[in-house]
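This chain uses plain numbering: 1 for the first residue, then up along the sequence.
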Amino acid sequence: MAGLAADLATPEGRYAMMLAIRHLEEHVGRLFSEGLIHGTAHLSVGQEACAVGAVAAARPDDPIVSSHRGHGHFLARTADPALLMAELLGRTSGPCAGRGGSQHLCSRRHHFYGTNGITGGGIPVATGLALSAKLQPTGQVVLCFFGDGATNQGTFHESLNMAALWSLPILYFCENNRYAMSTRVEDSMRVATIAERAAAYGIRDLRVDGMDVEAVYDAVGSALASVRSGDGPMLLEAECYRFCGHSKSDRLVYRTRQEEESWRERDPIRVCRRRLLDGGLAEEKLHEIEGAARQTVEDAHNEAMRAPVPTADDVLTS
């Protein structure tokens with residue numbers, strides 16, 4: 001399968017990966033509207049900096065557990081748009097042979113242990129992986145993604161309590177995009193920030209601008225190093241914004257156009273591009289990166305469409 005030529009250790013590579021995620025998500029949105037992707041689709045348009053900055057800071061063998069909005073996490077870890085596209089299109093060349101789809105993306109060889117359609121459903125899975133990493137021991141730190149809505153689920157509180165008691169090697173990464181479906185975060189909790197909930201369990205917290213890939217990269221790098229050294233789990237809150245609806249059926253009637261435009265001024269791709277230009281990268285080089293990202297997604301779609309669909313016999317095999 002064709003991979004994405006993006007070195008996440010460099011600012012240019014992180015920019016290329018964010019572009020690839022953006023183009024792929026927009027492409028997936030079109031395919032869903034055409035009836036080529038079944039089930040549901042929760043796009044991460046606007047939240048690319050969280051996925052790329054966090055995954056770039058992790059070790060390749062650090063387990064990742066995702067949420068229902070996990071295409072960006074998967075692509076940042078695998079760097080293989082064709083692999084992702086094949087699964088979304090229900091093709092046998094997908095990591096779950098076309099049977100998992102958007103809500104059950106999993107690739108053990110990439111240490112990616114699944115998206116999850118249940119709000120907060122991945123948090124106890126990640127906590128179990130962290131227990132395994134400690135008992136073996138492997139030196140791994142689990143990176144667990146979830147949204148602000150998941151922090152009101154029992155799985156969140158039970159898992160953080162357990163991780164704190166057992167000093168597990170895990171970084172809980174909350175992508176606070178301000179809305180749990182249509183419920184504003186300030187309408188669902190009395191504390192000012194999600195990060196401060198960590199104090200209830202005696203673990204450390206951290207907040208970061210989730211629209212700035214370099215800020216995420218630095219914060220996660222520091223947090224993972226601390227957790228890996230044996231200092232115990234951490235909760236990181238990244239403030240971000242989804243430019244699209246909760247899912248494809250969401251008409252976004254609960255937020256104002258003025259609010260949306262103010263967040264679009266902080267588009268993580270725009271922020272990153274401006275920083276690269278200010279740092280001396282030539283406009284021509286940026287155009288080259290941008291064109292390659294678009295072409296990568298088109299090539300991934302074409303490659304996925306050439307793969308076979310599962311047969312009736314295939315769906316009964318493991």
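- Aromatic pair H23/H301: ring centres not closer than 6.0 Å.
- Summarising the geometry of I123 relative to A150, their closest heavy-atom pair is CD1-CB, 4.2 Å, with the distance given to 0.1 Å.
- Taking a 6.0 Å sphere around CH2 of W166, one finds it holds 12 or fewer heavy atoms contributed by other residues, nucleotides or ligands.
- With hydrogens and angles disregarded, no donor-acceptor distance shorter than 3.5 Å links the side chain of R266 to the backbone of V271.
- Scanning all heavy atoms of the two residues, the minimum distance from P310 to G90 falls at CD-O, 3.0 Å.
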* Intermediate values then yes/no, side-chain contact (heavy atoms from CB on, under 4.5 Å), R204 and S226 -> CA-CA 10 Å; R204 295 159 300 146; S226 176; 2.5 Å; yes
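- Around the CZ atom of R257, the shell of radius 6.0 Å holds more than 12 heavy atoms that belong to other residues, nucleotides or ligands.
- Within 6.0 Å of CD1 on I118 lie no more than 12 heavy atoms contributed by other residues, nucleotides or ligands.
- When each of F112, F173, Y113 is paired with F145, the ring-ring contact (aromatic ring centres under 6.0 Å, His included) condition holds for F173 and for no other.
- A donor-acceptor pair is defined here as one N or O able to donate and one able to accept, closer than 3.5 Å; no such pair exists between the side chain of R59 and the backbone of D61.
- Side-chain atoms of T10 come within 3.5 Å of backbone atoms of G13 as a donor-acceptor pair (strictly under, hydrogens ignored).
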* To do: Please report the C-alpha distance between E237 and N176 in whole Å, then the side-chain angles of each, then the deciding distance to 0.1 Å, and finally whether the side-chain hydrogen bond (donor to acceptor under 3.5 Å, both in side chains) criterion is met.
  => CA-CA 7 Å; E237 176 187 2; N176 179 5; 2.9 Å; yes
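- Heavy atoms from other residues, nucleotides or ligands lying under 6.0 Å from CE of M181 number 12 at most.
- Looking at N302 and E298, their side chains never bring a donor and an acceptor atom within 3.5 Å of each other.
- Between the side chains of H71 and S102, at least one donor N or O sits under 3.5 Å from an acceptor N or O.
- Side-chain contact of N177 with Q47: a donor-acceptor pair under 3.5 Å is present, judged by distance alone.
- No side-chain donor from either of H104 and R99 sits under 3.5 Å from a side-chain acceptor of the other.
- Remark: side-chain polar atoms of T115 are paired, donor with acceptor, to backbone N or O of L105 under 3.5 angstrom.
- Transitive grouping of hydrophobic side chains (ILVMFWY, heavy atoms separated by less than 4.5 Å) keeps I64 and L235 in distinct clusters.
- Side-chain atoms of Q140 and D62 include no donor-acceptor pair closer than 3.5 Å.
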All N/O donor-acceptor pairs, side-chain side in residues 190-197, below 3.5 Å, sequence neighbours left out:
{"residue": "T193", "atom": "OG1", "partner": "E196", "partner atom": "N", "Å": "3.3"}
{"residue": "T193", "atom": "OG1", "partner": "E196", "partner atom": "OE1", "Å": "2.9"}
{"residue": "E196", "atom": "OE1", "partner": "A192", "partner atom": "N", "Å": "3.4"}
{"residue": "E196", "atom": "OE1", "partner": "T193", "partner atom": "N", "Å": "3.0"}
{"residue": "R197", "atom": "NH1", "partner": "T151", "partner atom": "O", "Å": "2.7"}
{"residue": "R197", "atom": "NH1", "partner": "T151", "partner atom": "OG1", "Å": "3.2"}
{"residue": "R197", "atom": "NH1", "partner": "N152", "partner atom": "OD1", "Å": "3.0"}
{"residue": "R197", "atom": "NH2", "partner": "N152", "partner atom": "OD1", "Å": "3.1"}

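- Listed for the R69 side chain is a donor-acceptor partner under 3.5 Å among the backbone atoms of L43.
- Proximity of a side-chain donor or acceptor of S159 to a complementary backbone N or O of T155 within less than 3.5 Å is detected.
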* Asked: What's the verdict on side-chain contact (heavy atoms from CB on, under 4.5 Å) for H38 and F32, showing C-alpha distance, side-chain angles and the deciding distance?
  -> CA-CA 7 Å; H38 304 289; F32 186 86; over 6 Å; no
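- E87 places a side-chain N or O within donor-acceptor distance of the main-chain N or O of G100, the cut-off being under 3.5 Å.
- In this model, no donor atom of one side chain and acceptor atom of the other lie less than 3.5 Å apart for S44 and E48.
- Judged by distance alone, the side chain of R178 and the main-chain N or O of V185 form no donor-acceptor pair under 3.5 Å.
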* T127/Y172 under side-chain hydrogen bond (donor to acceptor under 3.5 Å, both in side chains): CA gap, chis, key distance, verdict -> CA-CA 9 Å; T127 305; Y172 295 104; 2.9 Å; yes
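- Using a 4.5 Å cut-off between side-chain heavy atoms of Ile, Leu, Val, Met, Phe, Trp and Tyr, with links allowed through other members, L236 and Y217 fall into different hydrophobic clusters.
- With hydrogens and angles ignored, the 3.5 Å screen pairs no side-chain donor or acceptor of D267 with any backbone N or O of W263.
- Note on L168: it does not cluster hydrophobically with L224, by side-chain heavy-atom contacts below 4.5 Å among ILVMFWY residues.
- Screening R14, R273, M18 for a side chain to side chain contact (heavy atoms under 4.5 Å, CB included) involving P268 leaves a single residue, M18.
- There is no side-chain donor-acceptor pair under 3.5 Å between R306 and S93.
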* Asked: Taking it one step at a time, do L88 and L84 satisfy side-chain contact (heavy atoms from CB on, under 4.5 Å)?
  -> CA-CA 6 Å; L88 297 179; L84 173 56; 4.0 Å; yes
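- Looking only at atom types and distance, the side chain of Y241 has no donor-acceptor partner in the side chain of E260 under 3.5 Å away.
- L83 and M305 end up in the same hydrophobic cluster when Ile, Leu, Val, Met, Phe, Trp and Tyr side chains are linked at under 4.5 Å.
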* To do: Run the numbers on F146 and H68 for side-chain contact (heavy atoms from CB on, under 4.5 Å), then give the verdict.
  => CA-CA 8 Å; F146 49 89; H68 58 281; over 6 Å; no
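- Residues Y15 and E290 have side chains that bring a donor and an acceptor to within less than 3.5 angstrom of each other.
- Annotation for E259 and T256: closest pair N-OG1, 3.0 Å, computed over non-hydrogen atoms.
- Looking at every heavy atom in both residues, G122 comes nearest to N116 through N-ND2, 3.8 Å.
- Between G232 and V227 the shortest heavy-atom distance is O-CG2, 3.3 Å.
- Cluster membership check: V141 does not share its hydrophobic cluster with I170, using side-chain heavy-atom separations under 4.5 Å among Ile, Leu, Val, Met, Phe, Trp and Tyr.
- Residues P124 and G120 share a closest heavy-atom pair of CD-O, 3.3 Å.
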